[in-house]
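Have a look at the structure below, then the notes.
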Amino acid sequence: MKMNYTPSEQQRLAEANINAAFDYLEELMDRPEKISSIPDGAIVIPSTGDKWVDEQNGVIAQYWSEREQRPIHRTEYQFLH
């Protein structure tokens, strides 16, 4: 797993994930019934709308899922920014 991202890649990952996380949290506040679809203890991967970031998130989530024996939950929410 690649973990030696350049500073610009780190910034790209951070910005996209922070924005997607806040958007997804807003979505859950607007539609709390969606919370029940998230498995307990899951690693949640919100869609960022950035293909590269989404791919990196998948690789990172897979690593932690295997390491910690936790399920992965990919959101259906589409990032709006």
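Here the closest non-hydrogen pair linking Ala20 and Thr48 is CB-CG2, 3.9 Å. Of all heavy-atom pairs spanning Gln69 and Glu66, the tightest one is NE2-O, 2.7 Å. Taking each heavy atom of Asp54 and Pro46 in turn, the nearest pair found is OD1-O, 4.1 Å. Summarising the geometry of Gly41 relative to Arg70, their closest heavy-atom pair is O-NE, 2.7 Å, with the distance given to 0.1 Å.
Distance check, rounded to the nearest 0.5 Å: OG1 of Thr75 to CD1 of Ile38 gives 8.5 Å. Here CD of Glu68 is found 9.0 Å from OH of Tyr63. Values are rounded to the nearest 0.5 Å. Atom CD1 in Ile45 sits 5.0 Å away from atom CD1 in Ile72 (nearest 0.5 Å). To the nearest 0.5 Å, atom CG of residue Asp50 and atom CD of residue Gln56 are 9.5 Å apart. The distance from the CG atom of Leu28 to the CD atom of Glu33 is 9.5 Å, given to the nearest 0.5 Å.
Under a 3.5 Å cut-off, the side chain of Glu26 and the backbone N or O of Asp23 do not form any donor-acceptor pair.
Taking hydrophobic clusters as Ile, Leu, Val, Met, Phe, Trp and Tyr residues chained together by side-chain heavy-atom distances below 4.5 Å, Trp64 shares a cluster with Val53. Both Val44 and Ile35 belong to a single network of hydrophobic side chains, linked directly or stepwise wherever heavy atoms of I, L, V, M, F, W or Y lie under 4.5 Å apart.
Remark: Gln11 CD is loosely packed, at most 12 non-hydrogen atoms of other residues, nucleotides or ligands lying under 6.0 Å away.
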* To do: Quick one: do Tyr5 and Arg12 satisfy side-chain contact (heavy atoms from CB on, under 4.5 Å)? Show the steps, please.
  => CA-CA 10 Å; Tyr5 297 107; Arg12 183 176 173 184; over 6 Å; no

* **Derivation and outcome, side-chain contact (heavy atoms from CB on, under 4.5 Å), residues His73 and Ile43** => CA-CA 6 Å; His73 176 76; Ile43 297 169; over 6 Å; no

